[in-house]
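Whatever order the structure lists ligands and atoms in, that order sets their numbers, starting from 1.
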Amino acid sequence: MSMLAVESLCIAFGGIRAVADVGFEVGEGELCALIGPNGAGKSTVLNAVSGLVRPDAGRVLFAGRDLTRTPAHRIAALGLARTFQNIALFDHASVIENVLVGRHRHRRSGVVADLLGLPAVKRAERDERDRARAALDSLGLGPQAERMVAELPWGLRKRVELARALASEPRLLLLDEPSAGLSDEERADMATAIERIRATGGPAMLLVEHDMGMVSRLADRAIALDRGRVIAQGPPQAVRKDPAVIEAWLGG
Ligand SMILES: Nc1ncnc2c1ncn2[C@@H]1O[C@H](COP(=O)(O)OP(=O)(O)OP(=O)(O)O)[C@@H](O)[C@H]1O
Ligand SMILES: [Mg+2]
């Protein structure tokens, strides 16, 4: 069974058909890249999968379950995590506090127990912090844990957002341009971080990425979109050479 199946997805904004009859699958443990020129519909597909945009037609199946009409917070609770093209972090909270937000779906105690500060709650809190720390350490962010997000350079913020997504221990991870705005060195670090996530039995991933070097290095498969439609899919090297893809890139 595939971890994600998108079927005949259609999304329009006013008169613009942002996504037109898009279908693809991401298998368990697979890393698929979603590529395409600016405005192709990549982020809109991610928004539909994570429940932030409601499709006009088509279906989104997560581990076989139809989530097309499920609200975003419930989809997250089922094990889907994501990062955003423009980063969505709490700037005036520390790095570790931001990552603790990612642990939210695993908290079991209720409001009353929290208010009473019961020992079990304290233990659970410690456990949560340990796990958040582990997520930070795994991305080399341990030393930044107590810093305010607002103080961090863009490259580190991109990594904090990835740590928060990972901390939720997702089954499916959506990454919207994790290397956008990074220097060559930061880009290489990000690719290594993503490789490490895979090597340690991480979640299935759908990666939106413009850097074709990174796509070829990381992805098992690539899905190319142009003007809301899938124009090619298959091994990254083959997709890259597909005439329709070359034309779309030149035309864009
Ligand atoms: N909320 C919205 N309201 C109106 N139009 C939108 C909205 N979101 C996206 N669009 C339009 O839908 C189309 C697809 O946008 P989308 O952001 O999905 O593209 P993208 O492939 O992620 O591009 P980029 O590489 O620039 O991030 C574009 O024409 C865009 O202007
Ligand atoms: Mg986008």
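- Atom CZ in Arg164 sits 12.0 Å away from atom CG in Leu136 (nearest 0.5 Å).
- Side-chain contact of Ser179 with Asp211: a donor-acceptor pair under 3.5 Å is absent, judged by distance alone.
- Heavy-atom separations between Gly41 and ligand 1 include at least one value shorter than 4.0 Å.
- An N or O contact shorter than 3.5 Å is missing between Gly36 and ligand 1 by distance.
- Because the distance cut-off is set at 2.8 Å, Gln85 qualifies as a neighbour of the Mg ion (ligand 2) through one of its N, O or S atoms.
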Quiz item: Hey, mind stepping through Asp220 and Arg198 against salt bridge (charged side-chain N to carboxylate O under 4.0 Å, His left out) and telling me if it holds?
Solution: CA-CA 11 Å; Asp220 301 308; Arg198 295 204 73 190; 2.9 Å; yes
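- Distances below 4.0 Å separate heavy atoms of Gln85 from the following atoms of ligand 1: 24 (P), 27 (O).
- Checking only distances, Gly39 does come within under 3.5 Å of ligand 1, N or O to N or O.
- Listed by number with element, the atoms of ligand 1 under 4.0 angstrom from any heavy atom of Thr44 are 9 (C), 14 (C), 15 (O), 16 (P), 18 (O).
- Checking atom 30 (C) of ligand 1 against the protein gives no heavy-atom contact under 4.0 Å.
- The Mg ion (ligand 2) has no N, O or S atom of Thr44 inside 2.8 Å of it.
- Rounding to the nearest 0.5 Å gives a distance of 13.5 Å between CG of Asp242 and CZ of Arg240.
- A cation-pi geometry, defined here as NZ or CZ lying under 6.0 Å from the six-membered ring centre and within 45° of its normal, does not hold between Arg221 and Phe24.
- At a threshold of 4.5 Å between non-hydrogen side-chain atoms, the residues Pro55 and Val19 do not count as touching.
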